[in-house]
Amino acid sequence: MHNFFHRFGFPPLRKTGRVQFLMSLARIICLAVASTAPAAELQCIEPFESATEAPATTLDRLVEDRLGKLGIAIGPVCSDAVFLRRARIDLTGTLPDADEVRAFLSDRHPTKRAARIDLLLESPEHADYMAMKWGDVLRIKAEFPINLWPNAVQAYYRWLHDAMASNLSHDQLARDLIASSGSNFRVPQVNFMRAVQGRAPSSLAAATALTFMGSRIERWPADRSTGMAKFFSRLSYKPTAEWKEEIVCLDPAPVGPLVAMLPDGRSGRVEDGRDPREVFANWLVAPGNPWFARATVNRLWSWMMGRGIVHEPDDLRPDNPPSNPQLLGFLEQEFVASGFDRRKLLRTILNSRTYQRSSIPRTPSSEAESLFAFYPVRRLEAEVLVDALCHLSDSGESYSSQAPEPYTFLPATQTAVNLGDGSISSSFLELFGRPPRDTGLESERNNGWSDGQSLHMLNSTHVQTKIRNGTRLRKVWEKNAGKPGGLVTGLYLAILSRPPTVSEATTTEEYLRPLSGRNMKSSFEDLAWALINSKEFLYRH
Amino acid sequence: MSRRQMIRQSALLGGALTIGAGGLSAAPAPAARAKAVIQIWLWGGPSHLDTFDPKPDAGRDYCGPFDQPVATSVDGIRINELLPTLAKHADKYSLIRSMTHGNTGHETAAYIVQTGREPDRLVYPSLGAIVSLFKGYDHGYKGLIPPYIVLTQPQGRFSEAGFLGLRYKPFATEGDPAKAVFAVEGVVAEGIPAQRQAERRELMHRLDALGRALPADPRFKQLERSESKAYEMILGDAGKLFDLTTEKQETRDRYGMNTFGQSCLMARRLVEQGVPYITINSKGWDTHKQHFETMRRRLPELDMGLSSLIDDLSQRGLLDSTILWCGGEFGRTPKIQWESPWNGGRGHYGNCFSALIAGGGFKGGRVLGSSDKTGSEVADRPVHPAEMLGAMSSLLGIDPDQALPNSRGIETTVMPPIPTGTLRLKELL
């Protein structure tokens, strides 16, 4: 490790990873008993972990069986505060407020986590966030290279948002997107067939396979990919008198029956006059289809757990096996049995103790992450991060699109998660890896860290202004004027969604004491700045 | 740490993949003549007739009020009368009057001109991203300033890094170099003295509870490295580079005390610092309406900024190693739209337009290609943007025909292929 970092010109680490790891274990304050490691007492780390183990669900048994066989240890479940923040971010892309944290922590009800999951799944913010995630996959973007144009983008996004709010079943959603006909303004789902550069049948087939089968058509045998493309070979796009309106429909020219090939190798005969897309959609969403349910549960699992059971989550193929086939099979069955209910699937995942595990691994094994022995940390997505900064400061952002018409006027309350159009953006969103929505690939989103991001978070006028002028933070200041204890607790609850530990309180209260050259207000701003720049704030954990 | 672990960890960091040397060493690297590119991007599509390809004999419907082109320091080359200073330096640059791609959509044309690719299912990287890949942090670039910079705002019409991903995207400075303080986002912070920077940084480290609980996480390691580098920049001299008050006022005036002029001055300073690719994103050339009014305002700015930049680079001996490229995504309709609602405007035009190119191995004082009498079609020697970008790439020592390494497994070359045995823009080399 030392040598590696030296070679790349980085300063040597203070201590080796192992020593630091043991040091953190020394900060034990509670003991938990893990069910899979009988007789072993598990130490739990404040303030991230909880001593109370949750009961195992079917899902947990499938995960833990596999881990047990390989001798991979698991940690305790996360603390209530971590759970609340985690579930809120994963389901809604927002952070809990101070009051919400206080109420949740003082709630003694044993099923409060399950109740909170239900509440979050029904919240309007859940629909917002899911519309953003699916918007990436469905390539909702006005400009290059998708070129849906603004009016159609708004229609398409609103349709998707409604589908998320009403929890439209996933088979219906797929059928609507694949086989609809009509005006791109009036039947918004036809935009799926427009959100592809060039719109060649092969490109439409590739987009459909990626979106609903989690599969990259480039890797298929040629006869399969050309055979599938035939299902999309009879589309016609007709302009109207209205700017950028198009009618997407079956080409009316009589061309006789069509023989296409289904991805499973069977031939699909389409009679004259019938839209071949319907034949494909029927095949895709039929129970027993080997791709549809599998690709969807794997994708949703990866959104919640940071990694697909098949990795990458949209690269299903025979030579890329799932890390835990029983787990994937179980989720698939549940999803089909529920009538392709995405929310139900999320409920199953979030109620598992696998999801609720601490983010601190106990076995330093490469398989621990791929087999879900812990909840992996991930940087907040660009939109979620900037929305959180805006929320803390009660401030807005300026978003713009280069597309000239219609002019983009967005209110100050516009959140980034709700932008809808991938072409409406800001420097911040670009810097923090918002996907360009060019292809619909999951890997387009980049939640990695860069030097420019550090500069921005540590030293930009943008972040500094939010901290200095933020009304929510100012309220903490005004409410607790002159009382270091109240200020510290207020900031911790607002920014990290948890109260400070005893030692954190000591450190920070000391920093708040007036010092030469620094008054309490600047120290307060420094503390807010330090917490906003902490890994705990920047990452989901 | 084993090589495999390293690659895995890089992959976890989301695309921050260090690309192995294998793909690069395959083709022998041509000798690099140029070290840097300054791309002056006239966003919106400047009229070729009203800049570098005047048509005084085409009549009022084509040249409008601009029928007195100015002679330049090179016999036979004339440019718009509002570019008199630039005219004096014509020996240092060449004009391509036969650029063509035929597209009239801003976003698609901007893509074609900066990537050299016609649209297909993939989004290819711009030349800036390619330079950032081959001459940036993966290949020994040590500067604190990111290797691919945009002054001042991102273009936003397509993702410049294409399938190469976030790591190769340009760093947009934001701020305005013509203001009293050029507040480069993240680099030039107001009012936080070094002492307080140090104190709050220490506080941040002491409060790093999650970092202490996960000392070996590769994602956190990456963040810590970036933090160290950021502080080198924040506390070090990098900020001074953006402090234009250290220039003589006379110099600043010569470039023009406006955003464009000061961006040109800033670009010169960045080149001196070793930054390999700088884009000046100059907005406001999409002149459907009030075309001639806008030209009267913008051309003098362009004249001062661009000529001062060429002159300074030349006097400092930097023009030989710096490619300067000025142009937009297309030209504008040669025939003026006098009718309402345009009232003397020009529309988008991709069949024929111009570009100015200088330095880094390109000869000056030449005109390559020509347009017809009205500037409507290419008359001679059509140049597709791919050829121009390929020529720049060669001069930078990046073989345009070599494989373009990427983490997506896409097999392609740096630039689209050309007929074997030919040389890109050979007339200007």
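Here is how names work: the chains are called A, B, and so on, in the same order as the sequence lines, proteins then strands, and each is numbered from 1.
The side-chain heavy atoms of A:P361 and B:L214, taken from C-beta on, include a pair separated by under 4.5 Å. Contact annotation: the side chain of A:Q453 approaches that of B:L166 to within less than 4.5 Å [non-hydrogen atoms, C-beta and beyond]. Between B:E160 and A:E430, the closest side-chain pair of non-hydrogen atoms is not below 4.5 Å. At least one side-chain heavy atom of A:S522 sits less than 4.5 Å from a side-chain heavy atom of B:R196. Contact of the A:N446 side chain with the B:K169 side chain is not registered, since no non-hydrogen atoms from C-beta on lie closer than 4.5 Å. Counting heavy atoms from C-beta outward, B:V187 and A:N459 have side chains that stay 4.5 Å or more apart.
The part of B:L122 that comes within reach of chain A is its backbone (N, CA, C, O), which places non-hydrogen atoms under 4.5 angstrom from that chain. In this structure, chain B has no heavy atom under 4.5 Å from any part of A:I532. Proximity to chain A (any heavy atom under 4.5 Å) is shown, for B:P146, by neither the backbone nor the side chain. Proximity to chain B involves both the backbone and the side chain of A:S203, based on heavy atoms less than 4.5 angstrom apart. Contacts of B:F163 with chain A are absent, with no heavy-atom separation under 4.5 Å from either backbone or side chain.
Using a 4.0 Å cut-off between a side-chain N of Lys or Arg and a carboxylate O of Asp or Glu, B:R219 and A:E369 qualify as a salt bridge. Between A:K535 and B:E224 a salt bridge is recorded (basic side-chain N to carboxylate O distance below 4.0 Å).
With respect to chain B, the highest number of heavy-atom pairs below 4.5 Å among A:R378, A:H462, A:R445, A:E525 belongs to A:H462.
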